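Order of the sequence lines fixes the chain letters, A, B, ..., with proteins taken first and strands second; residue numbering starts at 1 for each chain. None of these values were measured; they are calculated from a predicted model.
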Protein chains: 2
Amino acid sequence: MNEFTSLATVKRIADSTVRRLSLYLRFLEDFEQRGLETISSDELARRGGTTSAQVRKDLSFFGSFGKRGLGYSVPELSRRIREIMGLGREWRVIIVGAGKIGAALAQYQGFVQRGFHIVAVYDTAPEKIGRSWNSQTIRDIRQLERDAAQEKPDIAVLTVPSEAAQSMLDRIVKAGIKAVLNFAPVQLQAPADVTVKSVNMAMELESLSFSLTNHG
Amino acid sequence: MNEFTSLATVKRIADSTVRRLSLYLRFLEDFEQRGLETISSDELARRGGTTSAQVRKDLSFFGSFGKRGLGYSVPELSRRIREIMGLGREWRVIIVGAGKIGAALAQYQGFVQRGFHIVAVYDTAPEKIGRSWNSQTIRDIRQLERDAAQEKPDIAVLTVPSEAAQSMLDRIVKAGIKAVLNFAPVQLQAPADVTVKSVNMAMELESLSFSLTNHG
DNA sequence: GCTAACTTGTGAACGAATTCACAAGCCTCG
DNA sequence: CGAGGCTTGTGAATTCGTTCACAAGTTAGC
Ligand SMILES: NC(=O)c1ccc[n+]([C@@H]2O[C@H](COP(=O)([O-])OP(=O)(O)OC[C@H]3O[C@@H](n4cnc5c(N)ncnc54)[C@H](O)[C@@H]3O)[C@@H](O)[C@H]2O)c1
Ligand SMILES: NC(=O)c1ccc[n+]([C@@H]2O[C@H](COP(=O)([O-])OP(=O)(O)OC[C@H]3O[C@@H](n4cnc5c(N)ncnc54)[C@H](O)[C@@H]3O)[C@@H](O)[C@H]2O)c1
């Protein structure tokens, strides 16, 4: 593999690798701000709670970005990871379900900072539609398809009650959106070309319950 | 391994196994409500998007709960998984950081339903302390140690700004709490006997960005 | 009570992800 | 300019998790 390797031709990358890249990027941004020039795989590993071999292997799937004997150039590696992850652009995000969790997400500044822009928020409840949040007016869910055809959102965040989650996902998929972040604690079905990630907080708490019960 | 196998003696269980158990339990509860008596590993697998061998292997780490030729008794398996996961009791949960995400979590009914009771909410901001949320009054963070000694919470949910996360985790650990669910997008350090799980939504969005960029 | 149909439980095989270990390359210093 | 120290990049070895495949047990029907 050399510097001309196209990402599109790269073999299947493990999800765990992608998540670690995201982590490394955070550290690099921190180092960049503090004016550091170079960083070693060992230092990145220490920060991320992994090993230097792991860091180098993760990066090696995409090319070779370091200098032997020296390490990685912080701004260069930062740029390369952003490129790999597709973070060099702004992503258009919609929120479906203007409830408590939708509200927290819509007002969260951390997403915008990383290039994820909330371009619309939808709900079914008449008393919510038309109300303003931040700079967004909550829209009627019936507009979803029409708006999507025009505004071409990239990502949908699904924060509706569990019962409505699958049917709303189906509409999101039909509207042509290929990436969904789901907060409803249900298992969803989607076509293979649509990526669905779920955040299941109840499952996290249950994992903690397991830890406390079994090795505590 | 037989029915007398103690959980404490069981070898290291993969995190992925624990998460699937949590998933199976959801399906079992659904089946239970609909009055089904028995269920096969194959049906559980279909629901969970996995294979029947996977389901049986997951369960086999803890004992053998099924009947050959028939499947699993729904109420019995449900009970056994709850036991394995430590869900037969009520867990006492505190929320540290009464901001937007803390508010959504504190008011969420889904946690109580699964045995996770919010027993206290803390903040530093004078204008928040004393205000009421649901049935909780927001307490001064300075009370944390004193309250913990008395009320013995089991789990802390950490929803403070990133900068404050590590120092608050240290206090939580010192206060004797052994399980933490963190929402701040930072890598935290904790002693080995404390389990920390993190929900990192920005990382999930970045994974979606990667998917869209690389196989889209 | 025997057969056919079914489903579990589990070693063994496989595949994926991590870790090891070292040759190759780069930098500094004398 | 050559030696010594350092760090990358990567095949090979290892560890970990999943899937296969089948013997063993259960039920129903006749
Ligand atoms: N609040 C939390 O802390 C939390 C934690 C974990 C998971 N969740 C999950 O997140 C989801 C939302 O939770 P919440 O607490 O924000 O609930 P909520 O009741 O506050 O909000 C849900 C919103 O979705 C709207 N809605 C209902 N059907 C809709 C549809 N078909 N299209 C568009 N909007 C629709 C409702 O009008 C409401 O405004 C639920 O699935 C919940 O289980 C929430
Ligand atoms: N809001 C979201 O949707 C969202 C999404 C992902 C991650 N997060 C993360 O969750 C955390 C909280 O986010 P938020 O949006 O709720 O922020 P927020 O500013 O609304 O709330 C933070 C709260 O913590 C309190 N606080 C500050 N220092 C504290 C301390 N030492 N002890 C106790 N309380 C303290 C503040 O007074 C404030 O009430 C942040 O780390 C954020 O990055 C939030």
Item to check | Criterion side-chain hydrogen bond (donor to acceptor under 3.5 Å, both in side chains) on A:Gln54 and A:Asp58, from CA distance to verdict | outcome: CA-CA 6 Å; A:Gln54 180 76 81; A:Asp58 286 339; 3.3 Å; yes
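- Counting non-hydrogen atoms of neighbouring residues, nucleotides and ligands closer than 6.0 angstrom, the CD atom of B:Glu37 reaches no more than 12 such neighbours.
- Here D:dT19 presents its C1' atom at 14 Å from CG of B:Asp42, a figure rounded to the nearest Å.
- Contacts of B:Ser52 with the nucleic acid, taken as non-hydrogen atoms under 4.0 Å apart, are absent.
- Regarding B:Asp58, its CG atom lies at a distance of 13 Å from the P atom of C:dT8, rounded to whole Å.
- At the phosphate of D:dT7, neither OP1 nor OP2 sits under 4.0 Å from any side-chain N or O atom of A:Ser41.
- Relative to the side chain of B:Arg56, the nucleotides C:dT8, D:dT19, C:dT19 differ in distance, and C:dT8 lies closest.
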Checklist entry - Is there a side-chain hydrogen bond (donor to acceptor under 3.5 Å, both in side chains) between B:Ser22 and B:Arg26 once you walk through the steps? => result CA-CA 7 Å; B:Ser22 172; B:Arg26 260 176 207 287; 5.4 Å; no
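- Within the 4.0 Å cut-off from OP1 or OP2 of D:dT18, at least one side-chain nitrogen or oxygen of B:Ser16 is found.
- In this structure, the CZ atom of A:Phe65 is 9 Å from the P atom of D:dG9, given to the nearest Å.
- Residue A:Thr17 is classed as having no contact, given no heavy-atom separation below 4.0 Å to the nucleic acid.
- Rounding to whole angstrom units, CZ of residue A:Phe62 and P of D:dT8 are separated by 18 Å.
- One interatomic measurement links the two molecules: CG of B:Leu70 to P of C:dC6, which rounds to 13 Å at whole-angstrom precision.
- A residue-by-residue look at A:Gln54 and A:Gly69 shows that A:Gln54 has its nearest nucleotide of DNA chain C further toward the 5' end.
- OP1 or OP2 of C:dG9 lies within a sub-4.0 Å distance of a side-chain N or O belonging to B:Tyr72.
- Residues A:Leu208 and B:Val180 have side chains not in contact (no heavy-atom distance under 4.5 Å, counting atoms from C-beta outward).
- Rounded to whole angstrom, the span from the CG atom of B:Leu77 across to the C1' atom of C:dG9 amounts to 14 Å.
- Using a 4.0 Å cut-off, no side-chain N or O of B:Ser64 falls inside it from OP1 or OP2 of C:dT8.
- Residue B:Ala14 is classed as a sugar-phosphate contact, given heavy-atom separations below 4.0 Å to backbone atoms only.
- The separation between A:Lys67 atom NZ and D:dG5 atom C1' is 18 Å, rounded to whole Å.
- For B:Lys67, the NZ atom sits in a loose shell: 12 or fewer heavy atoms of surrounding residues, nucleotides or ligands are nearer than 6.0 Å.
- For B:Arg68 against C:dT8, a side-chain N or O and a base N or O form a donor-acceptor pair under 3.5 Å.
- Distance CG (B:Leu59) to C1' (C:dT10): 13 Å, rounded to an integer number of Å.
- Distance from the side chain of A:Lys57 is smallest for D:dT10 among the nucleotides D:dT8, C:dG9, D:dT10.
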